[in-house]
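Just below is one structure, and these are the notes that go with it.
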Amino acid sequence: MALKAPQLCFFPKLLQAQDYPTLPFFCPPLMTEDGDDEGEARKCRHKWPKLVLIGHRGNGMNMLQSSDIRMRAIKENSILSFNSAAQFPIDFVELDVQVTKDDCPVIFHDNFIVTHDKGVFIEKRVTDLKLPEFLSYGPQKHLGEMGMPLFRKMKDGRIFEWKVEKDAPLCTLQEAFENLEHSLGFNMELKFDDHIVYTERQLKHVLQVILQVINDYAKGRPIFFSTFQPDAALLIRKMQSSYPVYFLTEGGYHQMHVDARKNSLEAAVKVCLAGGLQGIVSEVSAILGNEEAVTGIQGNNLRLLTYGQLNNMVKAVCLQLQMGVDGVIVDLVQEITGAVCD
C-alpha cells in the first residue's frame, strides 16, 4: 500500500506564508536530586537551536508496504542509518532501546522479531532473546554473510519481508555510542509493551541496565529520554538527574488506552508536572491547529516535541515553527533539514 500524503485541507494555516518568529536557545529544565528547580543557575549540557531536528530511527523509519522508496532506503535503527542521518544538519537521532534477556540494551523498534523457517513464520519477543540470537537476524557484520531472514509484522497482521535498498546489521546501544559522531545527540525512546503490566522492580531493572551503558559510554553526549510508558518515565526521572525525560503521547489522536494518562495532552501535562519531567513528545496531529495546547504545555515550563507522518511535510514543520513547537522528529531527514535551513 502506498504511503498516503496527509490532506492539507485539514490544516489551512499550512497554506499561508508567514514570517517565522525567532525562538531563543534553550536548555530543558533539570531538577536537583531533592526535586528543587536549579533555575537560572543550572548548567546546560547542550543548548538547542530554535527548532530541534531529530532523525526518526536514524535516517527514517522503514515502511515496507510503501511504494515510496524513501521509506525503504536504509535499514532503520542501524549504525548505517544513524550515520547517514548525521550527514545532514540534525541535532539528535531517535533510537528505540530494549533490553535482551541477558541484560544487553539493543536498538529495535518492534516488540516482536519475525523470521521464516520451512514455510512457517516464527515470531519471538525481543526481550525474551539473548544477545547472540538477537544479532543473528538479518545481515551480519562480516560482509556478504546473512543470518536468519528478517520480516516485519504489521498491526493489522500483514507480514512483509524486511527488504531495503541499503541493509545493515542489528546493533546494540553500546555500538551506537562507539560508532556515531560524538556531537550527535541521542533521543533514547525506552520501549515497553503496552499489553504488559510491569512491576516497579521490572522497570527499575531494565532502566538500571540502560543507565549503566550510558554511564560507561556516553562521555558527555547530549541525551534525553522519552517513553510512552508513564511509570517508566517517572521512574527514570527519579533514578537520575543528568538527562531530561520526555513523556510520549498520541494525545488521544489514534486510540484510547486503559491507562488514562496516555489519552490526552492534558493528562500528559499532569504526568510531567507530577514527576518533574522536562517535556512532552506528542503525535503531531494532536498539535496542529491547536495553538492553545502549545501555549498550555509551554506555559507549564515544559518543552514540546512532535512525531508523526505529517512531520515529513515541509509546510507542517514550518507551521510548527510558527507555533513555537520546540522540535520535530522526521523520517525524510534530507528534505526537512534542507527546507528548515533554507
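- Leu234 is not listed as a side-chain neighbour of Arg237, based on a closest heavy-atom distance of 4.5 Å or more.
- Contact between Asn311 and Gln320 at its shortest, heavy atoms only, is OD1-NE2, 2.7 Å.
- Counting only distance, with no hydrogens or angles, the side chain of Gln334 and the backbone of Leu332 share no donor-acceptor pair below 3.5 Å.
- Separation of atoms CD (Gln174) and CD1 (Ile107) is listed at 11.0 Å; rounding is to 0.5 Å.
- Contacts of Asp102 classified as salt bridge (charged side-chain N to carboxylate O under 4.0 Å, His left out), with partners at least two apart in sequence or in another chain: none.
- Using bins of under 30°, 30° to 60° and over 60° for the plane-to-plane angle, the ring pair Trp162/Phe108 lands in the tilted bin.
- Ring geometry for Tyr307 versus Phe228: interplanar angle over 60°, hence perpendicular rather than tilted (30 to 60°).
- Annotation: salt bridge (charged side-chain N to carboxylate O under 4.0 Å, His left out) contacts involving residues 177-189, sequence neighbours excluded, comprise Glu189-Lys191.
- Between the side chain of Asp91 and the backbone N or O of Val52, no donor-acceptor pair lies under 3.5 Å.
- Side-chain contact between Val245 and Gln240 is present, with at least one heavy-atom pair separated by less than 4.5 Å.
- Under the 3.5 Å distance criterion, the side-chain polar atoms of Glu133 are left unmatched by any main-chain donor or acceptor of Lys130.
- Within a 6.0 Å radius of CD in Glu123, more than 12 heavy atoms belonging to other residues, nucleotides or ligands are found.
- Among all heavy-atom pairs drawn from Ala168 and Leu80, the shortest one is CB-CB, 3.9 Å.
- Side-chain atoms of Thr115 come within 3.5 Å of backbone N or O of Pro149 as a donor-acceptor pair.
- Under 3.5 Å, the side chains of Glu76 and Asn59 contain no donor-acceptor pair of N or O atoms.
- Between Lys262 and Asp194 there is a salt bridge, with a side-chain nitrogen of the basic residue lying less than 4.0 Å from a carboxylate oxygen of the acidic one.
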Next on the checklist: Lys124 vs Ile122, test: side-chain contact (heavy atoms from CB on, under 4.5 Å). Steps then yes/no.
Outcome noted: CA-CA 7 Å; Lys124 296 183 179 181; Ile122 302 170; 4.3 Å; yes
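- Within the 4.5 Å cutoff, side-chain heavy atoms of Ile90 are placed close to those of Leu184.
- Residues Ser78 and Pro169 share a closest heavy-atom pair of CB-O, 3.9 Å.
- A cation-pi geometry, defined here as NZ or CZ lying under 6.0 Å from the six-membered ring centre and within 45° of its normal, does not hold between Arg303 and Tyr246.
- Using a 4.5 Å cut-off between side-chain heavy atoms of Ile, Leu, Val, Met, Phe, Trp and Tyr, with links allowed through other members, Met256 and Leu265 fall into different hydrophobic clusters.
- The cluster map of Ile, Leu, Val, Met, Phe, Trp and Tyr, joined by side-chain heavy atoms under 4.5 Å apart, puts Val126 and Ile159 in different clusters.
- Using a 4.5 Å heavy-atom threshold, the side chains of Phe160 and Phe151 count as separate.
- With no hydrogens or angles considered, a side-chain donor-acceptor pair links Asp193 and His195 at under 3.5 Å.
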Next on the checklist: I'd like to know whether Met323 forms a side-chain contact (heavy atoms from CB on, under 4.5 Å) with Val294, so could you lay out the CA-CA distance, the side-chain angles of the two residues, the decisive distance to 0.1 Å, and finally the verdict.
Outcome noted: CA-CA 7 Å; Met323 294 172 67; Val294 177; 3.7 Å; yes
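- With 3.5 Å as the limit, one finds a donor-acceptor pair spanning the side chains of Asp103 and His205.
- Listed by chain and number, the residues in a salt bridge (charged side-chain N to carboxylate O under 4.0 Å, His left out) with Asp167 are Lys75 (sequence neighbours excluded).
- Annotation: side chain of Val209 is not in contact with side chain of Leu211 (no heavy-atom distance under 4.5 Å).
- Checked against salt bridge (charged side-chain N to carboxylate O under 4.0 Å, His left out), Lys163 has no partners two or more places apart in sequence or in another chain.
- A donor-acceptor pair under 3.5 Å is formed between the side chain of Arg72 and the backbone N or O of Ser66.
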Checklist entry - Going through the distances and angles, do Val328 and Leu305 end up as a side-chain contact (heavy atoms from CB on, under 4.5 Å)? => result CA-CA 5 Å; Val328 292; Leu305 311 179; over 6 Å; no
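- Shown here are the salt bridge (charged side-chain N to carboxylate O under 4.0 Å, His left out) partners of Lys141, two or more places apart in sequence or in another chain: Glu175.
- Within the structure, side-chain hydrogen bond (donor to acceptor under 3.5 Å, both in side chains) contacts touching residues 225-234 (residues at least two apart or in different chains) are Asn187-Ser226, Asp231-Arg261.
- Asn215 has its side chain within reach of Gln212: a pair of non-hydrogen atoms, C-beta onward, lies under 4.5 Å apart.
- At least one side-chain heavy atom of Val106 sits less than 4.5 Å from a side-chain heavy atom of Leu131.
- Of all non-hydrogen atoms in Ser282 and Ile287, the two that sit nearest each other are OG-CG1, 3.7 Å.
- Expressed to the nearest 0.5 Å, how far CD1 of Ile236 lies from CG of Leu203 amounts to 10.5 Å.
- For the pair Asp110 and Arg152, the salt-bridge criterion is met [side-chain N within less than 4.0 Å of a carboxylate O].
- Here the CG atom belonging to Leu170 is positioned 6.0 Å from the CG atom belonging to Leu150, to the nearest 0.5 angstrom.
- Between the side chains of Gln87 and Asn83, no donor-acceptor pair is found at a separation under 3.5 Å.
- Linking Ile, Leu, Val, Met, Phe, Trp and Tyr residues whenever their side-chain heavy atoms come within less than 4.5 Å places Val213 and Ile79 in a single cluster.
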Next on the checklist: I'd like to know whether Val281 forms a side-chain contact (heavy atoms from CB on, under 4.5 Å) with Thr306, so could you lay out the CA-CA distance, the side-chain angles of the two residues, the decisive distance to 0.1 Å, and finally the verdict.
Outcome noted: CA-CA 5 Å; Val281 185; Thr306 67; over 6 Å; no
Item to check | CA sep, side-chain torsions, deciding dist, call: Arg70, Glu335, salt bridge (charged side-chain N to carboxylate O under 4.0 Å, His left out) | outcome: CA-CA 11 Å; Arg70 295 174 299 178; Glu335 291 86 342; 3.3 Å; yes
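- Side-chain N or O atoms of Gln298 include one that pairs as donor or acceptor with a backbone N or O of Gly324 at under 3.5 Å.
- What you find for Ala268 and Ile280 is that their closest heavy atoms are CB-CD1, 3.8 Å.
- In this structure, Glu250 contributes its side chain and Gly252 its backbone to no donor-acceptor pair below 3.5 Å.
- Crowding of Glu145 atom CD: a count of heavy atoms from other residues, nucleotides or ligands under 6.0 Å exceeding 12.
- Of the options Phe224, Phe225, Phe82, Phe186, a ring-ring contact (aromatic ring centres under 6.0 Å, His included) to Phe92 is made by Phe224 and by none of the others.
- Here the straight-line distance linking atom CZ of Phe134 with atom OG1 of Thr172 works out to 9.0 Å at 0.5 Å rounding.
- Side-chain atoms of Thr127 and Val99, non-hydrogen and from C-beta on, never get closer than 4.5 Å to each other.
- When all heavy atoms of Ser285 and Leu310 are compared, the pair lying nearest together is OG-CD1, 3.6 Å.
- Once rounded to the nearest 0.5 Å, the distance linking CE of Met71 with CG of Leu64 reads 10.0 Å.
- Of the possible donor and acceptor atoms, one in the side chain of Gln278 sits under 3.5 Å from a partner among the backbone N and O of Gly276.
- Asp259 contributes atom CG, which lies 7.5 Å from atom CG of Asn263 (distance to the nearest 0.5 angstrom).
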